Structure formats: C-alpha cells, structure tokens
*Asks:* 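Could you have a look at this structure, given as structure tokens, before my questions?
Hydrogens, waters and symmetry mates are skipped; everything else that's a heavy atom, side chains included, is used. What you see is a predicted model; the values in this text were computed from it and never measured. Here is the naming used below: chain letters follow the sequence lines, and residue numbers restart at 1 for every chain.
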Amino acid sequence: MPAKEYEILALTMRYWFVLLIIYIFVRSLFSTLRCLSNVKAAEEESTGNIPFVLVLLSLTAFVLLSLKGKVDLLALLMGILVCSTFLFQYLLLRYLFGGIDRYLLLMADTLCILGFIMLQRLQPALAFRQVEWFGLGSVFLLLTILYVKYFKHWDKLNYPLMVIGLGVLILTLAIGKEMGGAKNWIQIWKYNAQPSEFVKIILVFVLSADLQINKSRLRRLPVLLFTALVILLVVLQKDLGAAFLYFCLFVFLYYIATSDWLIAAGASFLAFLGAVISYQLFGHVRTRIAAWRNPWADVENRGYQIAQSLIAIASGGWVGLGLGLGSPHVIPASKTDFIFAAICEEMGILTGISVMGLYMLIMVRGVAIALKAQKPGDMLLAMGATISLAVQSFTIIGGVIKMIPLTGVTMPFVSYGGSSMLVSFGLLGIIQGIAIKNSKKDQDEEAQEYHDEGDEERNEQEQD
Amino acid sequence: MSKSRIKKNTIGVLLVLTALYLSLIAYFCYAVLFYGSRWFADSYNTRVKMDEKNPRIIPGNITDRNGVMLAETKSELVKDSSTGKEERYYFRAYHDKATSVAHVVGFNHSKYGRSGVEALYIYYLMGYNNSLIEKIYQKAFLPQERGNDVALTVDFRLQDYASQLMKKQGKKGSVVLLNPQTGEILAMVSYPTFNPNNMDKVDDDSLVNRATQGLYPPGSVFKLVTAAAALENIENVLEREFNCTGTAEFNGTKIQCYKGEAHGVLDLAQAMAVSCNTTFAGLGTEIGWKDLLQTGKKFGFNDDFLFSDIRVKQSNLPINYRTSKQEMAWTAVGQGKVLVTPLHMAMIAAAIANDGVMMEPKLLYSVVGRNGNVQKQLEPKVYGKVLDKENAEILKSMMAKVVLEGTGKQARSNRITIAGKTGTAEQGSKDQQNKNLAWFVGFAPSDTPRLAIAVLLEDVGQGETGGTQAAPLARKVFEKAVELGY
C-alpha cells in the first residue's frame, strides 16, 4: 500500500486499538472487583467476549502491519498464527483445568499479544521467535500447574534446589557472557539464557517451603544464607534488577510468613547499606543514578536511553502516532527493556496506562488467589509468584518513565526473550496451580485426603 | 504457622503493592502532562527533524507580533556535481537581520539541530496539533503536508533596536522587555549573538541565550526582594531610621557600601535610593532565612518554572537553617550564592509594577493553520500573587525615587517617567578586574506601568556601575517603546 494511504489508515486505526485495550482492561477491572468482594467465585466469572476481542485486536493489527509498504503475506500469516496459538492455549487450559483463573490467563495473553504486535512492527523475525517462546512458555505453564497441583512433596526439595540455584549462578559468573552491561547470560547450544531469571522460581519455592513452618531464626539460617548468596552473586554479575527483585521477594515473603519486623527491617537496612556502598564502589551504579536524576544533563551518553524513552512517550501522545508511523527504532533496547516506550509511542499513553493497570490487576488477582489458598505453603507460593511478577513489572516500567532508577529487567510477557517468557509463564503457572487447588471440585478431592495430611502437619509442628 | 496471620500480612502487602502501582500510574500521568511537551520539543527528538530532501512535513513560518517574517521554509534546486542530477533541497531561511532575534527564534538546521522557538514550538510548526481530519486531508489531497505558522509576542522593531544598542555597547549581556499585565515578551536580546543563516561560523558562547539560561548574581537589584520581605515581616519598617557608617560587620565579615561611602541616617526608601548595603544586610539578618526564603519562593526563586511558552533556568536562593549570619547579610544584598536569570529579574520588576501579581512570561502570540484559522492565541496566565497591593505600591514609589534622585538618575527621561533599581554585582573572585555585572531593572511609566525591563551587562570595569552602564540603556529602550506606541 502506498505510504500516504497507509498513514491515513494507521492514523485512524489507532483509536480502535486503544479502545479495544481499554475495553479489556475495564472488563478485567470489574471482574477483579467482583472477585475481591466475593460475589462470585473466580472460576464462575464469565470472560464474555474477551477472547474474541483479543483475536480481533491481533488480527486487525497484523493486517494493518502487513499493508505497510508492499503487502506482506508473512505478516498476515503471523496474525493467524498468533490468534490460533492463543486460542489453542486458552481453550486447552480451560478444558484441562476447570478451576483455572481465566481472567488471569487472558490478561497475561493480552500483554503477550501487545508484545507480538510491537515486535512484528520492530523486527518481524523476532516476533516469530517470540510466538515460539509463547508456545514453549505455555507448555511450561502447564508443567508448573501440574507440579504445583499434584506434587505434594515440593517442599522437601529445598537443598537440591538451593544447590542448583547457586550452581547456575556461579557458572554464569565463571563462563557467562556480557550483554548490555551485565554478565548474566549463558550460552546453551545456540540460545542465550538468563539464569538469574530461573533462579527467581527456585527462590519462590525455597522461601515458601522454608517459611511455611514455624522455626527459630537460627534454623532458618541455610535459607537466609542462600538468599544472601544469590543476591550477592547477581550483584557481582552487575544485574541490579534481579538483585532488587530477589530482595523484595525475600522481605515481603518473610514478613508475610513470620510478621518478623526485625529481620525485614534488618534486611532493608543491609540493602540500603549495600546500595550506598555499591554507589560508592561501582561506576555503573553511579551512572545509572545520574542518568535517572537528570537524563538531560548528558543526553548523548549516560542519559541517552532514558531521554529517548521519554521523548518517544511524549511524541506518542494519548493515542499514539499510529502503528508503523513512529520511530521506535531510535529507542535503545526497544525490543526488550524499553518496549514499554515503543508501545506508548505508537499505541498511545492510554494503552500504556492500561498496560500498567493490567499488571496491577494480575497482582490483585494473584493475591486474591493466595488469600483463598487452604495451606500456608500454598499461600506463600502464590504470593511469591505474584510479588515477583508485580515487582518486576513495576521496576522496569518505573525505570522507563524515569520514576525510579533504571535497572535492566525485562517486562514480563511483553519484552522479547525466551528466559523472560518461560519464567513469567512459570510464575503464572504457580498462581494458576494454587487457583485450581482452591476451586470447589478440587477441594472435594482434598477433603478425602485431609485426614492423613493433617497428621503429617501435626508431626512437623511437634518437631519444632 | 497460623493462616490468619498470613492472611492479615498478605492484605498488608496487597495494599503496599496497590499503592505502588497507583503511584506509578499517577506519576506517569503527571510527568506526561507537565513535562510531555518539553520532552517532545527536545532537540534529540528525531521524529520532528526536517529532512533536506523531500521533507514529509514542511515546517510553518515564524513571524513577530506584527507579521514580520522571521523564519520560513525555502527550497532550491542543487545540481549534484558528480551525477549532474538536479535535486530540491529544503532549508529554513531567516530574516536578513536575524542576528537581532537569533536567540528567540533559534534555528532548525540539518547539521546543528534545533534551538529556541524552532525547537520549543516544533509541535505547532510541524502541525502535530492538527486534528485528525486536517491530518487526513493533508495526507490525501496535498502534495506535501504543511505545519502551522507561529506568531511571537516579540516586536521586531523593538528587538532590533535593543539588539543594536547592545552591539554598540559591545559588552556581553541581555535585555528583556515585558508587558507586566500580560507577561508578553516584547523584546528579549542576548549578546553576543549569531547568524542563523550562517551556522558554520558560530562560537559556542554566542549560542547561549543569556536572558533565560544565564544565571548571574543579582547584586543590589535583589534588594527589591529583601525590601519586600522586610515590608511583610518587620513591623513599622518604614518609620524606622537606619544609620549607615559605610561599613558594618556581621560575625566577622565586613560589608561595605559602594566606595565605603557613609550614607548617615536614612529611612528605607532613602536606603533603596542610594542602594545602601549595610542597611539591607542588617535587614536581611533581621528577617532571617525562613521569611526571606518564603518571600523569595513567592517571587519564583527555586522554582522549576514549567512555563508553557518558554524554557527558563531555575533561579537559586540557597538559604536554609544552616545559613550563617554572614551569609544572610550577603544574600540580602544579592551577593553570596543567589543566582538569577535576566528574564526572571524582569518578571520580578513586572510583578511589582503589576500590583504584586506576577504573570507567566508569554512568547506565543498565535498559531495559525493552513487556511488562516487561528488555532491558538495568547492567553495571559497568572504565575502567582507575590506581594500585597499596598506593599507593591510602596516598592513602586521607592523605585521611582531611585531614578528621580538615587543611583538610577541616568535612566531619567523627559519622555516617560521611569522607575527602577540599579545593581552592580561582583562575580567570581574579588581580585579580578573588570568582572563586575551591571544591572538595571524597572518599569515605565512609573505611575501606570505598561512596560517592565531588565538590563544586564557583563564584564563592566572598575568605577562603572549599573547606574552608569545599564540605566541609560534601559532608558533608551523605554523611549523607543513609547515611540512605537507601547
């Protein structure tokens, strides 16, 4: 299609995209409010036409993108692929697990689809890879659901998990590759993986398993030590985002489980001390802080990323410049860390706000699921996964809009990247697993087994 | 492990995380609303770059308030020497005397980027404010899209006159002329200047817009703020008598009047007229940091100045509970660490002239679309109420006295009654010669002000003061403005 006609089409279509995304957000918001006020159980909520709206969104977006320049059949095919992958994943999971929180899944899928659209616009080859990762992530989601739901002895595996976690991080430090200023990549076959992402899941399991039982502080020493070590290791890899994430995960979970202000406050103090020391010691930390405080002071070097991100957001305005009409390539890392700025530029600030809202709703629903869980361990697992997703998305969006200093973490479900996609779906799987356990059908099954389970728990408590 | 405790704590964490997210959304909206236009106008925004060949959008014209063309887009055919093909190149062309308005209009150059209005109003110039229908119409039916025309509040005749005066003077500096009632900038000159039509020969110093980006110690013109704080915070300060012996000591530092001259017994108005340092330094220590800071903040010090029309550097009044008595004494007479831009100083004079109401500086007169439809027009906006009307009247009469019988005698004109305040500020170390700053801020006519001014000259020599250097310049600009009917 000639450039001018495409521009007119894209200019008009941007209202349509913003409308659809806001619709999904508002719909999810009302459902979540109903879910919180306990009018209906989460699994009975109708999702109405959201899957249809999502299909509509992705089809129209991919059709529009295929019309840019010469008609691009591959983009059309991508649109069909995205829709069918999404529908297959959604319908299959719904069929397999009655108790799955459908809104939670749909919100994550909305974010994924936004990511696909943006990647298709930025670099079509990556969009295809991202859909592959989405499929693989869905499989991972299924596996974690099964693991959480059926594997009753997940809490007995702490020591092996700790060894694996420390092992991969040490391995990364030894033979890892440096990319984007942090040495947190490791090459497996022809893929680059980010072990610090996977350690997040390990940390959720380890902390939940340990914290679900009452213990003295001294007997928690191995887990405390493990947490401190993984944080130290990722700091050494210059992966400050992951360090912050692990730290938040620990403090929140520890506080939830024990109400122990002393450790939580002590850890915060240590973290503050660590932050001050690393500010003094490491140049890259100082650079980040300086770029955050005033990116315009040194636009050409230190402040370049953030300045370009802010310029892109401001250029987009409320409804965006139109898909394909902006220049998101100017933003550094526009496919990974800064994809939020690219989305805002072409799809508008209103879309950006809806994306923030979707992350918030994912968090709220995750907490709601944790609150309904039957066992302390399940509660902590669901909370761990929720906190991890929530803090990560807050950290990156806050960094991109210059609210907090920038730390290089990915945007869950949206950013390009296999590790990020797999782990985000893994964390979602944990939450969904607990949701399924909470559902009525499942609880009836549990009730039969309750007898012997209760005995076990009592035994454990006597030991302490 | 009790489930109820976990539940309680979980709800606590839910509240914390929800608060985090809500603050994220709130911050995002706030930042976009208040800073969005500045981010957009940044010269690193390549989206609004004008391409030399086949530009997607042709930027609109910039004129002064009377329609004098200051900047327009032109094109010419250039023959490629190697291929022999003729190609059309687009570029921005500026007024013949563009050096006079160079800092206001700025430049939009393929190699050197953008500055001034060319950068700040690029949103209008490139037509980003057009409605969807207009955008679609232009894309569908016009060979090339066209941005909107922008008219500035500046009067080119005044601007050119003031610029020529500065050139004759030969010193670095700045002149800002405002309308105190509306905040319109009638002239804003920074010297040395450059020629936007020939950007290859420009040195960096001349690119700085001293009026908005130059931070200078205000010297005695800051006494206006000190006097305002004294009127507000010290009872019966007008009836008080001060005794000036030429020098005064504050915790070990000596503050001298100009040339160590003793002014003897005098009241506040007389102290203002002769610019008595010891009196104002004493008042400063008496007022204290808290009240002086409060008044200073009302006058716009330490504020980020998020004006829609113009970018102005933040003026500094760095006093707090740790500020020593010596420091307070120096601050009160405008030395120490106080720093201010010439435009801000003009705003202060304008606020006094406008019965204590400070107006936002305005530079955008109108935005006119493709068919001549006016899309945006000057809307005066109040920055804040900085003074009571009575105190403003008192300061006005004091400033009139400065020109009638005080240090500003050389601003006296037989065509218009002028009120003002002079200042001679020391910059850098005391040993350096010829490094003083000469200031004059004021307004005219002194009873019903229609114009307010700030004049700053850098590098004035020994024995030269604001009264001898800046005041005559201000007088001439006022006279020219009256001649032109302002």
*Asks:* What pairs with B/Asp42 under salt bridge (Lys or Arg N to Asp or Glu O under 4.0 Å), at least two apart in sequence or on another chain?
*Replies:*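 Per chain and number, B/Asp42 pairs via salt bridge (Lys or Arg N to Asp or Glu O under 4.0 Å) with no residue.
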*Asks:* B/Ala140 versus chain A, heavy atoms under 4.5 Å apart: side chain, backbone, both or neither?
*Replies:*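 Both backbone and side chain.
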*Asks:* Less than 4.0 Å between a side-chain N and a carboxylate O, is that true for A/Glu345 and B/Arg47?
*Replies:*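 Looking at A/Glu345 together with B/Arg47, the answer is yes, because their closest N to O distance falls below 4.0 Å.
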*Asks:* Counting only non-hydrogen atoms closer than 4.5 Å, does A/Ala390 touch chain B with its backbone (N, CA, C, O), its side chain (CB onward), both, or neither?
*Replies:* both
*Asks:* How long is the straight-line distance from CD1 of A/Ile256 back to OG1 of B/Thr10, given to the nearest 0.5 Å?
*Replies:*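 If we round to the nearest 0.5 Å, B/Thr10:OG1 and A/Ile256:CD1 are 4.5 Å apart.
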*Asks:* Which is it for B/Thr18 and A/Met363 under the side-chain contact (heavy atoms from CB on, under 4.5 Å) test, yes or no, and what are the steps along the way?
*Replies:* CA-CA 8 Å; B/Thr18 313; A/Met363 182 270 292; 3.8 Å; yes
*Asks:* Measure distances from A/Thr386 to the heavy atoms of chain B and classify the residue's part below 4.5 Å as side chain, backbone, both or neither.
*Replies:* neither
*Asks:* Give me the atom names and distance for the closest heavy-atom approach of A/Gln308 to B/Tyr44.
*Replies:*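 For A/Gln308 and B/Tyr44, the tightest heavy-atom pair comes out as NE2-O, 3.5 Å.
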*Asks:* At a 4.5 Å cut-off on heavy atoms, which part of B/Val16 comes close to chain A: side chain, backbone, both, or neither?
*Replies:*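 The side chain, not the backbone.
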*Asks:* Report the distance from atom CZ of B/Arg56 to atom CG of A/Leu325, rounding to the nearest 0.5 Å.
*Replies:* 8.0 Å
*Asks:* If you apply the rule side-chain contact (heavy atoms from CB on, under 4.5 Å), what do you find for A/Leu11 with B/Leu132, and how did you get there?
*Replies:* CA-CA 8 Å; A/Leu11 270 179; B/Leu132 178 70; 4.1 Å; yes
*Asks:* Chain A heavy atoms under 4.5 Å from B/Tyr35: which part of the residue, side chain, backbone, both or neither?
*Replies:* neither
*Asks:* Tell me, side chain or backbone of A/Met383 under 4.5 Å from chain B's heavy atoms, or both, or neither?
*Replies:*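 Looking at A/Met383, just its side chain touches chain B.
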*Asks:* Checking A/Cys248 against chain B: side chain, backbone, both or neither under 4.5 Å from a heavy atom?
*Replies:* neither
*Asks:* Measure the CE-CD1 distance between A/Met356 and B/Ile25 for me, rounded to the nearest 0.5 Å.
*Replies:* 6.5 Å
*Asks:* Which one wins on heavy-atom pair count under 4.5 Å against chain B: A/Val364, A/Ile349, A/Ile404?
*Replies:* A/Ile349
*Asks:* Would you call B/Leu24 and A/Ile401 a side-chain contact if the rule is heavy atoms closer than 4.5 Å?
*Replies:*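 Side chain of B/Leu24 against side chain of A/Ile401, heavy atoms only: contact under 4.5 Å found.
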*Asks:* Considering non-hydrogen atoms only, spot the tightest contact between A/Phe394 and B/Leu20 and give its length.
*Replies:*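 Smallest heavy-atom distance, with atoms named: CE1-O, 3.4 Å.
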*Asks:* What part of A/Met360 gets within 4.5 angstrom of chain B, counting heavy atoms only: side chain, backbone, both, or neither?
*Replies:* both
*Asks:* Counting only heavy atoms not in B/Tyr112, do more than 12 sit closer than 6.0 Å to its OH atom?
*Replies:* yes
*Asks:* With a 4.5 angstrom heavy-atom cut-off, is it the side chain or the backbone of A/Val330 that approaches chain B, or both, or neither?
*Replies:* side chain
*Asks:* With rounding to the nearest 0.5 Å, note down the distance linking CD1 in A/Ile397 to OH in B/Tyr21.
*Replies:*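 Between A/Ile397 CD1 and B/Tyr21 OH, I get 6.0 Å after rounding to 0.5 Å.
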*Asks:* Given 3.5 Å as the limit, does a donor-acceptor pair link the side chain of B/Arg5 with the main chain of A/Ala257, or not?
*Replies:*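 Pair found, side chain donor or acceptor close to backbone of A/Ala257.
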*Asks:* Non-hydrogen atoms of chain A under 4.5 Å away: do they reach the side chain of B/Thr46, the backbone, both or neither?
*Replies:* side chain
*Asks:* Which value, rounded to the nearest 0.5 Å, describes the distance between B/Phe28 atom CZ and A/Cys344 atom SG?
*Replies:*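 B/Phe28 atom CZ to A/Cys344 atom SG measures 4.0 Å (nearest 0.5 Å).
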*Asks:* May I ask you to check whether over 12 heavy atoms, not counting those of A/Arg293, lie within 6.0 Å of atom CZ?
*Replies:* no
*Asks:* So, does A/Lys4 use its side chain to make a donor-acceptor pair with the main chain of B/Pro143 at under 3.5 Å?
*Replies:*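 Between the backbone of B/Pro143 and the side chain of A/Lys4 there is a qualifying donor-acceptor contact (under 3.5 Å).
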*Asks:* Do A/Thr12 and B/Lys135 come within less than 4.5 Å of each other through their side chains, counting heavy atoms only?
*Replies:*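 No, every pair of side-chain atoms sits at 4.5 Å or beyond.
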*Asks:* Would you say that more than 12 heavy atoms from the other residues, nucleotides or ligands in this model lie under 6.0 Å from the CG of B/Asp203, or not?
*Replies:*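 Atom CG in B/Asp203 is crowded, with more than 12 foreign heavy atoms closer than 6.0 Å.
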*Asks:* Please tabulate, for side-chain N and O atoms in residues 313-322 of chain A, each donor-acceptor pair with protein atoms closer than 3.5 Å (sequence neighbours left out).
*Replies:*
{"unit_1": "A/Ser315", "atom_1": "OG", "unit_2": "A/Ile311", "atom_2": "O", "d": "2.8"}
{"unit_1": "A/Ser315", "atom_1": "OG", "unit_2": "B/Asn45", "atom_2": "ND2", "d": "3.0"}

*Asks:* Tell me, do A/Met379 and B/Lys7 make a side-chain contact under 4.5 Å, heavy atoms counted?
*Replies:*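 In contact.
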*Asks:* Sort B/Ile122 into side chain, backbone, both or neither according to what part of it lies under 4.5 angstrom from a heavy atom of chain A.
*Replies:* neither
*Asks:* Other residues, nucleotides and ligands only: do more than 12 of their heavy atoms fall within 6.0 Å of CG on B/Leu33?
*Replies:*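 For B/Leu33, atom CG is crowded (more than 12 foreign heavy atoms under 6.0 Å).
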*Asks:* Find the distance between OH (A/Tyr6) and NZ (B/Lys139) and round it off to the nearest 0.5 Å.
*Replies:*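 Between A/Tyr6 OH and B/Lys139 NZ, I get 11.5 Å after rounding to 0.5 Å.
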*Asks:* What part of A/Ala373 gets within 4.5 angstrom of chain B, counting heavy atoms only: side chain, backbone, both, or neither?
*Replies:* backbone
*Asks:* Need one label for B/Ser23: side chain, backbone, both or neither, based on atoms under 4.5 Å from any heavy atom in chain A.
*Replies:* both
*Asks:* Could you check whether any side-chain heavy atom of B/Lys8 comes within less than 4.5 Å of a side-chain heavy atom of A/Ser259, counting everything from C-beta outward?
*Replies:*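 The answer is no, as the side chains (C-beta and beyond) never meet within the 4.5 Å cut-off.
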